[in-house]
Amino acid sequence: MTDDLLTIEQHLERILAAVVPTGTITLSLAGAAGLTLTEPVHARVDVPVFDNSGMDGFAVRFADVAHASPDAPVELRVVADLPAGSGDDPAIAAGEAVRIMTGSPVPSAADAIVPFEDTSGGLADSLGAISVRRAPRAAGAHIRRRGEDLRSGDVVLPAGTELGPLQLSAAAAAGVDRVIVARPPRVIVISTGSELVEPGAQLERGQIPESNSTLLAGLVRATGAELMRATCVSDDPDEFRALLASGTDADLVITSGGVSAGAYEVVKQVLGSSDDGAEIVFAKVAMQPGKPQAFGRLSTGALLFGLPGNPVSVAVSFEAFVRPALLAMQGRAQLQRPVIRLPAAASWRTPVGRRQYLPAVIDRSDPARWTVRPATSGGSGSHLAAGLAHAEAYAVVPAETEAVAEGDLVDVMLI
């Protein structure tokens, strides 16, 4: 690794040191979907709220049915009926039972539930006398005890948790209707390049469909951030300056293209020697793809990420640097994707001295031995935009590795 190349860790450390939390807002559960908790959620009620039946059947006194069997069934008289939602608490004397549905409060006098299938008549014959043919395994059988999951005041979800459907459901079950979350970072996405035209437009020589803004818009939204705008500009410096000046409310700006060593690198031209207070550093990072990177703070206070222009470079750079920053701004507990190790299903070349992020697919056809392979036959070219559609992971190969051979164990970042 040459002296002018930063490691990925060095560049990310600089980024995370510049991150400032976005602040907090209080929202309903529905409004907080996809956002990040900044304060823990505590249960307002016990979960379950009361002792309730785990089966459709009969609430009984265990002593009455402890010895029931097909050869010696126990006859009981049904004295009440408890549908879910009932607040009744009927008395149960010796030799009596109460029909009860799943989720209904268990009568105070009962200490076991006999399911319908353990009686001779089942549901069809359940409101008169019943015949219990199988004893419950013990007192307490099929009873869900109050507070066995959580007690009122317990932590349901810690700070830093992303509020997905399962987490929101848990909060609701604990009686919580509002949560304190991080305000979503406000993000502007700008694709640069005079060769770019809208998808679907008639292409002239030298023009290509613009795809980076679509890619980045989806990646930004997936972090829980608010996408303010996703647009495209030419390599005209004045056009780029005007667009930056209009984004005064943004917390973070992402550009693609214009940061390399060419003659028309508009991001570098405008921000490389800015006199308006912007502090942007253009660096080379020991990674492939994604070597040229820009990062800093604009005069508006927004963080700026200048990513390379090729789509695979954009996707990889976002995963390595922008996504962790957006999550850190929201106080997310986990900033990195999960990584597993899998054997390679094929061999491929790796760049000398740079960590490789190769779009990859996982072969699960053999449940005993998953493998990983490149998502496209073209390998790791940063221009292979269509191949991203097949990628479900990145194979991450250390900078010191010269080549990957079939069967080698590889770190696989799941996306």
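Along the sequence shown, residues carry numbers from 1. Every heavy atom of this structure was used, including side-chain atoms; hydrogens, water molecules and symmetry mates were not.
- The nearest pair of heavy atoms linking R369 to G407 is NH2-CA, 4.4 Å.
- The pair R151-D154 does not count as a salt bridge, with every side-chain nitrogen at least 4.0 angstrom from each carboxylate oxygen.
- Evaluation of the side-chain hydrogen bond (donor to acceptor under 3.5 Å, both in side chains) test over residues 184-201, restricted to residues two or more places apart or in two chains, returns S191-E210, S191-S256.
- Nearest approach of P209 to L203, heavy atoms of both residues: CD-CD1, 4.0 Å.
- Of the residues R144, R146, R145, the one that meets the salt bridge (charged side-chain N to carboxylate O under 4.0 Å, His left out) test with D51 is R145.
- Residue Y264 places its OH atom among 12 or fewer non-hydrogen atoms of other residues, nucleotides or ligands, all under 6.0 Å distant.
- Nearest heavy atoms, V106 versus N52: CG2-C, 3.5 Å.
- Side-chain contact between Q167 and L37 is absent, with no heavy atoms from C-beta onward closer than 4.5 Å.
- For R332, the salt bridge (Lys or Arg N to Asp or Glu O under 4.0 Å) criterion is met by E162, not counting sequence neighbours.
- Shown here is E279, whose CD atom has no more than 12 heavy atoms of other residues, nucleotides or ligands within 6.0 Å.
- For an aromatic pair to be called close, the ring centres must be under 6.0 Å apart, and F58 with F116 satisfies this.
- Closest approach of V314 to L307, counting heavy atoms only: O-CD1, 4.0 Å.
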Check your understanding: S234 and D236: side chain to side chain donor-acceptor pair (under 3.5 Å), yes or no, with the steps?
Key -> CA-CA 5 Å; S234 72; D236 180 349; 5.0 Å; no

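- Annotation: the span from Q330 atom CD to L335 atom CG amounts to 10.5 Å, rounded to 0.5 Å.
- When all heavy atoms of P308 and P292 are compared, the closest pair comes out as CG-O, 3.2 Å.
- Taking a 6.0 Å sphere around CD of E13, one finds it holds 12 or fewer heavy atoms contributed by other residues, nucleotides or ligands.
- Using a 4.5 Å heavy-atom cutoff, the side chains of R99 and L123 are in contact.
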